[in-house]
Amino acid sequence: MSDNVVPLFEKTTTAPEAAPPVTVAVATPAAAKPPVPLWVRSTRRVRTVVTHENTKTACRVTARHGMYVLGGSRIVARRTWEGRTASRYERLLRAAEAAGNMEAAAEWEERGQKFRQERHRRRMDLLTAPMDAAKGIAAGAGIGAGGLLILGIMLAVANKDWTDIGAPTMALIELVRWIVLIITVTWGPLVTLGPWAVLLGLWAVGRNQQTAPQWALPANVRSGEGEPITPSIVVLALRNLGIAPLRNAIKEMGDAGASMLGPIRIAGCGVEVDVTLPSGVSTNEIQGKRRKLAENLSRHEHEVFITIPQAARTVRLWVADSGALDEPIGPSPLVADPDSKADYKSGKAPWGQDLRGDLAAMSLYQRHLLITGLSNQGKTAALRALALWLALDRSVEFRIADLKGAGDWAMFDGLATVLIQGPTDDHVVDATEMLEDGVSEMERRLQAPPGTVFPPLVLLVDEAQVAFMCPMVDEKKRPYGGSKATSRYFMAARKIHNQGRAVNVTLWQGTQDPTDQNLPKLVREGAHTRASLALGTESQARMALGDKAVDGGAAPNLLRPGLDKGTLVVASDGIDIPAGQASITVRTHFIDTDTAAQITARARAMRDGVTTLHVIERDEVRDPLADIAAVIGDTNRVLTQDVLQRLAVLSEDSYGSWTHADLKRVLDGTAAEPYKSDGRMVVGRERIARALSNRGSDGSASAS
């Protein structure tokens, strides 16, 4: 066999491809990264574990619940100590002396002395207690044994078995045996569970009093609730206001400033405290630091109110519970009580709640009213709430001009005798003539015989700034707007302010963003009740409420636009204001449009056909018969006196001087003459309708 190998494939020779260069990094001893020591790695891991959020939460939970137990133990121990000693009276006595309340200090001293006397008497009684107890036990045992013996004899006689004499005694012995047996069985578990029950009780006391430090409390509690207001917190907040004389005075006080504070009183959804300032510190310095004081008290600025009571060098702080002012108040009593009534003379309108949470009720009797504020802060709703209450007094007549015309007062159609709705200059002209008609009615009443009683007439103008800013002039070149003596609206308002209340003619105005141009000084100062919602500046607050109220602490300019809707600062003698204050803050009830319509429907049901005039008619020939038919409405019969009054409202110029003779003269010969019903002269609706129909068929007409 040949050893030669025959190749199956032809061998080809190719040049080898160039291999890519390979870079080899050679670590030198100097560039080598040293290994991390074990203790460093361990430290890093420990730090990661310690600083992890889960670890923080666990530590916070452990510390919180542990402090609940320690704090509860401290509280229970203090309560026990104060219950057994006179330390409570000593503590309250020192606090009263520090506050300068000597009357309270004397009372606590007397109570402490009485407690000591009673405690001494009890201790003396303990000396004879063992002997008295032994006598009591012996007497009780004897009486008990005798009773059991008598009971046994009675059983033996009844059963004719003398062995029953000892049955009651044996039953008692058996009861004692069972009691001992039950105690023996349950003693072990009671001993085991008793300490845990005590521990749980201490924890509950500490948790209820929040004895854990702030950092250990849950996040929602730390951020959602402010610190409770205590004397030390108030003094610390005052000391840190940045007022040097105040800070130095507190440092020099031996009681660390406690004598500055009056008692801290619960007041509605917050607390109230009077602070007597040291010499050299003025009240307006504290008022100017409202935001810083609020933050020092862990509150927002709107949760702290500063007012100036009558006492010299004293400020009154009202501090709300955190978030309490952002909670809505309840519904209006007008909504909650469908049977509510109003009394113009002696009643008060339930307007809302004050900061204490008490009812804020407003008297409207013979008081001109002005409500102002920025746009869209609830001015119309606050003004309308008062009108809705007063509408439930059937004797009150309303004449309303809504110069916004958005339908906010549409529910008074058929209730008000005049209802003007619209923002144009023509609507301002109508509103002006409505006020001038009110002036004419006022002057007529002023000339009436002394002692004449007049029904209330309320002239209400919403968005009154539109009237003051109106550029229209009449045919005699007299402007409707403005604040000059020639201004028709301005002069009508001034005349009503001057003399209207004497004859029950009052003017209510609502206006926004007050300035000297859209709310002249003489008009705003003519209002007896002045209220303001949120405003932009302090100067506007002074325009709205007056210097006295603002100097006394009223600050509608510090209310939050959009957030404090419906919150008013009120200066009036018609509402109960705390003694020494010039104003009060009221959170008004909101009554929506649909609910307002329901209330006015109740008010209309109390009245007998009110004809609402939507446009002031001027210089036109009247049709008396048609006007009589209009004022009668759907009522079958109307008293002639009421017909005359409604005609006068419809057109003062045409019918204001009419008498019964004029009415009879017009109706004579029309088959619609007045007639008697139940002894009183009335006009019949069917007769008037028949007279109009007959007149139309024969083409006759009448004119005034």
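Reckoned from all heavy atoms, side chains included, excluding hydrogens, waters and symmetry mates.
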Should [X] and [Y] count as an ion pair when the cut-off is N to O under 4.0 Å?
{"X": "E525", "Y": "R530", "answer": "no"}
{"X": "D393", "Y": "K345", "answer": "no"}
{"X": "D627", "Y": "R646", "answer": "no"}
{"X": "R524", "Y": "D516", "answer": "yes"}
{"X": "D576", "Y": "K348", "answer": "yes"}

State the [atom1]-[atom2] distance between [X] and [Y], to the nearest 0.5 angstrom.
{"X": "M681", "Y": "L639", "atom1": "CE", "atom2": "CG", "answer": "10.5 Å"}
{"X": "L419", "Y": "L613", "atom1": "CG", "atom2": "CG", "answer": "9.5 Å"}
{"X": "R637", "Y": "R680", "atom1": "CZ", "atom2": "CZ", "answer": "12.5 Å"}
{"X": "T659", "Y": "L644", "atom1": "OG1", "atom2": "CG", "answer": "7.5 Å"}
{"X": "R445", "Y": "Q499", "atom1": "CZ", "atom2": "CD", "answer": "13.5 Å"}
{"X": "T372", "Y": "L535", "atom1": "OG1", "atom2": "CG", "answer": "6.0 Å"}

Is the number of heavy atoms from other residues, nucleotides or ligands within 6.0 Å of [atom1] ([X]) greater than 12?
{"X": "R290", "atom1": "CZ", "answer": "yes"}
{"X": "L359", "atom1": "CG", "answer": "yes"}
{"X": "R607", "atom1": "CZ", "answer": "yes"}

Under the 3.5 angstrom rule, does the side chain of [X] hit a backbone N or O of [Y] as a donor-acceptor pair?
{"X": "H589", "Y": "G330", "answer": "yes"}
{"X": "W508", "Y": "I400", "answer": "no"}
{"X": "R494", "Y": "L522", "answer": "yes"}
{"X": "R299", "Y": "A320", "answer": "yes"}
{"X": "D564", "Y": "R560", "answer": "yes"}
{"X": "T600", "Y": "A596", "answer": "yes"}
{"X": "N557", "Y": "A541", "answer": "no"}
{"X": "Q377", "Y": "G562", "answer": "yes"}
{"X": "S487", "Y": "G481", "answer": "yes"}
{"X": "R399", "Y": "L435", "answer": "no"}

Note to self: So which atom in F468 and which in Q517 form the shortest heavy-atom distance, rounded to 0.1 Å?
What the structure shows: CB-O, 4.0 Å
Notebook entry, point to check: Do you know which two heavy atoms are closest between K341 and W389, and how far apart they sit?
Noted result: O-NE1, 3.6 Å
Please tell me if the side chains of [X] and [Y] come closer than 4.5 Å, counting only heavy atoms from C-beta onward.
{"X": "V610", "Y": "R604", "answer": "no"}
{"X": "S532", "Y": "M543", "answer": "no"}
{"X": "R384", "Y": "W409", "answer": "yes"}
{"X": "H614", "Y": "D413", "answer": "yes"}
{"X": "E397", "Y": "V649", "answer": "yes"}
{"X": "V683", "Y": "V638", "answer": "no"}
{"X": "I688", "Y": "L667", "answer": "yes"}
{"X": "Q509", "Y": "L507", "answer": "yes"}

Notebook entry, point to check: Is it true that the NZ or CZ of R501 lies under 6.0 Å from the centre of Y365's six-membered ring and within 45 degrees of the ring axis?
Noted result: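 No, cation not above the ring by the 6.0 Å, 45° rule.
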Checking side-chain polar atoms at under 3.5 Å, does [X] have a donor or acceptor matched by the opposite partner on [Y]?
{"X": "Q366", "Y": "N504", "answer": "yes"}
{"X": "Q641", "Y": "H660", "answer": "yes"}
{"X": "E463", "Y": "Q465", "answer": "yes"}

Note to self: Quick check on salt bridge (charged side-chain N to carboxylate O under 4.0 Å, His left out): which of D408, D462, D513 does K379 satisfy it with?
What the structure shows: D462
Next item on the list: Report the relative orientation of the aromatic rings in Y655 and W658; use parallel for angles under 30°, tilted for 30 to 60°, perpendicular for over 60°.
Entry: perpendicular
Notebook entry, point to check: In terms of ring plane angle, is the pair H497 and H368 parallel, tilted or perpendicular, where the classes change at 30° and 60°?
Noted result: tilted
